Amino acid sequence: MTAIQMTIDDRLLVVIAGPTAVGKTTLGIQLARQLGTRIISADSRQFYREMKIGTAAPSPEELSTVPHHFVHHLSIHDPYNVSRFESEVLLLLDNLFLQYPVVLMVGGSGLYINAVCHGIDMLPDPDHEIRVRLNMILEKSGIRALQDELQIVDPEYAAVVDLANPARLIRALEIYRATGVPFSTLRTNTMKTRRFRIVKIGIDLPREILNQRINGRVEAMIKDGLVEEARQLYPLRHLNALNTVGYKELFEYFEGNTSLDYAVDKIKTNSRRYAKRQLTWFRKDPDYKWFKPEDAHSILELPELSPFIGL
RNA sequence: GGCGUCGUAGCUCAGAUGGUAGAGCAGAGGACUGAAAAUCCUUGUGUCACUGGUUCAAUUCCAGUCGAUGCCA
């Protein structure tokens, strides 16, 4: 197949997903150079320019090697959500595909990747007031009160949600309170089809090696000044963006609740658990083809990718 | 060296006046539609340090050994 024969339907989005610290960034850059294209980052914390060290964002050198989108494009003060990410990425892809027949999306945020690949239902954005009120109910009356309200307002969703998960209950209730429509009605659970093709590549390593990489990277972050970065952000700790591994543990240290050593250990542990959750998410999606981070060559040999090498 | 305390799950420890044991953490698995690096669920067999004794039965009682620790010398 030559470039001239390509139709619009040949455009390809290559998703590179996997657990934290597995080596997605390096691999992504390697692939992007081979394919002569750009990278869209799908990492819900690397969005924020104030969080550089603790999110292991691509370095300035890496960013200058291959253009990245959605890295450090936000401030932690900016409200943001998956839906905005979906529409912004789709808009960007429309433009990028005019120039590049294949584009990479690299990241570890499963929900965000799903939104781009398969879409997310039209739902109202959270209303701050309502959410605060629901959180107060949770605190004062307990989760039972939320369960009871959901049971009345949206029994259909109450039958399928994880009733022990306050975040789920509050989200469903705030939608109902804001719109008068039950969440179960708005949540269609249908996958949108995209105009472009998608190949999903999962990157993984044996758990023991991944853990070593996680631990090593946390040590490196500390050496690179994570403590200072976190200290500067400490006054803003209430912001959602800072409810993040690598920061919240250091905030505990600043409050005098833990030692620095303990906080650093906690960061390692929580990163391992995060990696586990990411793997659980990606593994259940049968579309993923799994590789190791050093498998750039075999990835490029995939029939979907090989036509684009050196274009 | 003497006296005491301790030795139980990867770690910190509980426990049975004798019927082979259980919590927290870690680990493992899972869920997930605008908080997602978030939020939540499930999951505990281990020579109860070793050797011998008493006993129908010992991880539990007794003795010795080893190790840890405290006090005294």
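In this text, all values refer to a predicted model and were calculated from it rather than measured experimentally. Chain naming here is simple, since letters A, B, ... match the order of the sequence lines and numbering starts at 1 in each.
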Notebook entry, point to check: Side chain of A:Glu174, backbone of A:Ile130: donor and acceptor closer than 3.5 Å?
Noted result: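 Such a contact is absent between A:Glu174 side chain and A:Ile130 backbone.
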Next item on the list: Using a 3.5 Å limit on both pairing distances, list the dot-bracket string of RNA chain B from the 5' end; Watson-Crick and G-U wobble pairs count, crossing pairs take [ ], interstrand pairs take |.
Entry: (((((((..((((.....[..)))).(((((.......))))).....(((((..]....)))))))))))).
Could you check whether [X] gets within reach of a base, just the sugar-phosphate, or nothing at all, counting any heavy atom under 4.0 Å?
{"X": "A:Ile170", "value": "base"}
{"X": "A:Ser271", "value": "nothing"}
{"X": "A:Gly54", "value": "base"}
{"X": "A:Asn270", "value": "nothing"}
{"X": "A:Ser109", "value": "sugar-phosphate"}
{"X": "A:Ser184", "value": "nothing"}
{"X": "A:Phe85", "value": "nothing"}

Using the [atom1] atom in both, what is the distance from [N] to [M], to the nearest Å?
{"N": "B:A14", "M": "B:C56", "atom1": "P", "result": "33 Å"}
{"N": "B:G19", "M": "B:G52", "atom1": "P", "result": "22 Å"}
{"N": "B:C32", "M": "B:A16", "atom1": "P", "result": "44 Å"}
{"N": "B:G15", "M": "B:C61", "atom1": "P", "result": "13 Å"}
{"N": "B:G1", "M": "B:G18", "atom1": "P", "result": "34 Å"}
{"N": "B:A21", "M": "B:U39", "atom1": "P", "result": "37 Å"}
{"N": "B:A63", "M": "B:U54", "atom1": "C1'", "result": "11 Å"}
{"N": "B:U47", "M": "B:G22", "atom1": "P", "result": "15 Å"}

Margin query: Test of understanding: with side chain to side chain donor-acceptor pair (under 3.5 Å), list the residues that count as partners of A:Glu255, not counting sequence neighbours.
Written below: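 Applying side chain to side chain donor-acceptor pair (under 3.5 Å) to A:Glu255 gives A:Tyr234, A:Arg237.
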Notebook entry, point to check: Who else is in the cluster with A:Met191 when I, L, V, M, F, W and Y are joined by side-chain contacts under 4.5 Å?
Noted result: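 Reading the cluster by chain and number, A:Met191 sits alone, since nothing else belongs.
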Notebook entry, point to check: When Ile, Leu, Val, Met, Phe, Trp and Tyr are grouped by side-chain heavy atoms lying under 4.5 Å apart, directly or through other members, which residues fall in the same group as A:Leu63?
Noted result: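 When side chains under 4.5 Å apart are linked, the cluster holding A:Leu63 also contains A:Val71.
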Check: What form does the base of B:G15 take, syn (within 90° of 0) or anti?
Finding: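 Anti, angle beyond 90° from zero.
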Notebook entry, point to check: If you count the non-hydrogen atoms of other residues, nucleotides and ligands that lie under 6.0 Å from NE2 in A:His297, is the total more than 12?
Noted result: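 Result for NE2/A:His297: open.
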Next item on the list: Inspect the surroundings of NZ in A:Lys248 and state if more than 12 heavy atoms from other residues, nucleotides or ligands are less than 6.0 Å away.
Entry: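 Enclosed: over 12 neighbouring heavy atoms sit under 6.0 Å from NZ of A:Lys248.
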Notebook entry, point to check: Which of these passes side chain to side chain contact (heavy atoms under 4.5 Å, CB included) with A:Val15: A:Ile198, A:Val199, A:Val106, A:Asp285?
Noted result: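 One option only clears the test, and that one is A:Ile198.
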Notebook entry, point to check: Which residue, A:Phe308, A:Phe97, A:Tyr100, forms the side chain to side chain contact (heavy atoms under 4.5 Å, CB included) with A:Leu12?
Noted result: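 Among A:Phe308, A:Phe97, A:Tyr100, the one meeting side chain to side chain contact (heavy atoms under 4.5 Å, CB included) with A:Leu12 is A:Phe308.
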Grab the [atom1]-[atom2] distance between [X] and [N] for me, whole Å please.
{"X": "A:Asn211", "N": "B:A28", "atom1": "CG", "atom2": "P", "value": "7 Å"}
{"X": "A:Lys268", "N": "B:G10", "atom1": "NZ", "atom2": "P", "value": "22 Å"}
{"X": "A:Phe282", "N": "B:A36", "atom1": "CZ", "atom2": "P", "value": "14 Å"}
{"X": "A:Arg272", "N": "B:G29", "atom1": "CZ", "atom2": "P", "value": "14 Å"}
{"X": "A:Lys284", "N": "B:G29", "atom1": "NZ", "atom2": "P", "value": "16 Å"}
{"X": "A:Leu210", "N": "B:G27", "atom1": "CG", "atom2": "P", "value": "12 Å"}
{"X": "A:Asn81", "N": "B:A38", "atom1": "CG", "atom2": "P", "value": "18 Å"}
{"X": "A:Leu134", "N": "B:A35", "atom1": "CG", "atom2": "C1'", "value": "13 Å"}

Is [X] near enough to [N] that one of its side-chain N or O atoms lies under 4.0 angstrom from OP1 or OP2?
{"X": "A:Thr269", "N": "B:A26", "value": "no"}
{"X": "A:Lys266", "N": "B:C25", "value": "no"}
{"X": "A:Asn243", "N": "B:U39", "value": "yes"}
{"X": "A:Arg131", "N": "B:A35", "value": "yes"}

Taking the side chain of [X] as its heavy atoms from C-beta onward, which of [options] lies nearest to it?
{"X": "A:Tyr112", "options": "B:A36, B:A38, B:G34", "result": "B:A36"}
{"X": "A:Val82", "options": "B:A38, B:G30, B:G34", "result": "B:G34"}
{"X": "A:Arg283", "options": "B:A35, B:A28, B:G30", "result": "B:G30"}
{"X": "A:Arg171", "options": "B:A36, B:A35, B:U39", "result": "B:A35"}
{"X": "A:Arg207", "options": "B:C32, B:A35, B:G29", "result": "B:G29"}
{"X": "A:Asn240", "options": "B:A26, B:A35, B:A28", "result": "B:A35"}

Notebook entry, point to check: salt bridge (Lys or Arg N to Asp or Glu O under 4.0 Å): which pairs involve residues 141-167 of chain A, sequence neighbours left out?
Noted result: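 Non-adjacent pairs meeting salt bridge (Lys or Arg N to Asp or Glu O under 4.0 Å): A:Arg144-A:Asp148, A:Glu149-A:Arg177.
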Notebook entry, point to check: If you find the nucleotide of RNA chain B closest to A:Thr20 and the one closest to A:Arg84, which residue's nucleotide is nearer the 5' end?
Noted result: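 Nearer the 5' end of the strand: A:Arg84.
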Centroid-centroid distance, [X] to [Y], less than 6.0 Å:
{"X": "A:Phe70", "Y": "A:Phe85", "answer": "yes"}
{"X": "A:Phe251", "Y": "A:His238", "answer": "no"}
{"X": "A:Tyr48", "Y": "A:His72", "answer": "no"}

Item checked: Salt-bridge contact A:Lys268-A:Glu219 (side-chain N to carboxylate O under 4.0 Å) ->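 Salt bridge: yes.
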Between the protein and nucleotides 40-43 of chain B, are there any N/O to N/O pairs under 3.5 Å, and if so, what are the atom names and distances?
residue : atom : partner  : partner atom : Å
B:C40   : O4'  : A:Asn165 : ND2          : 3.2
B:C40   : O2'  : A:Asp162 : OD2          : 2.6

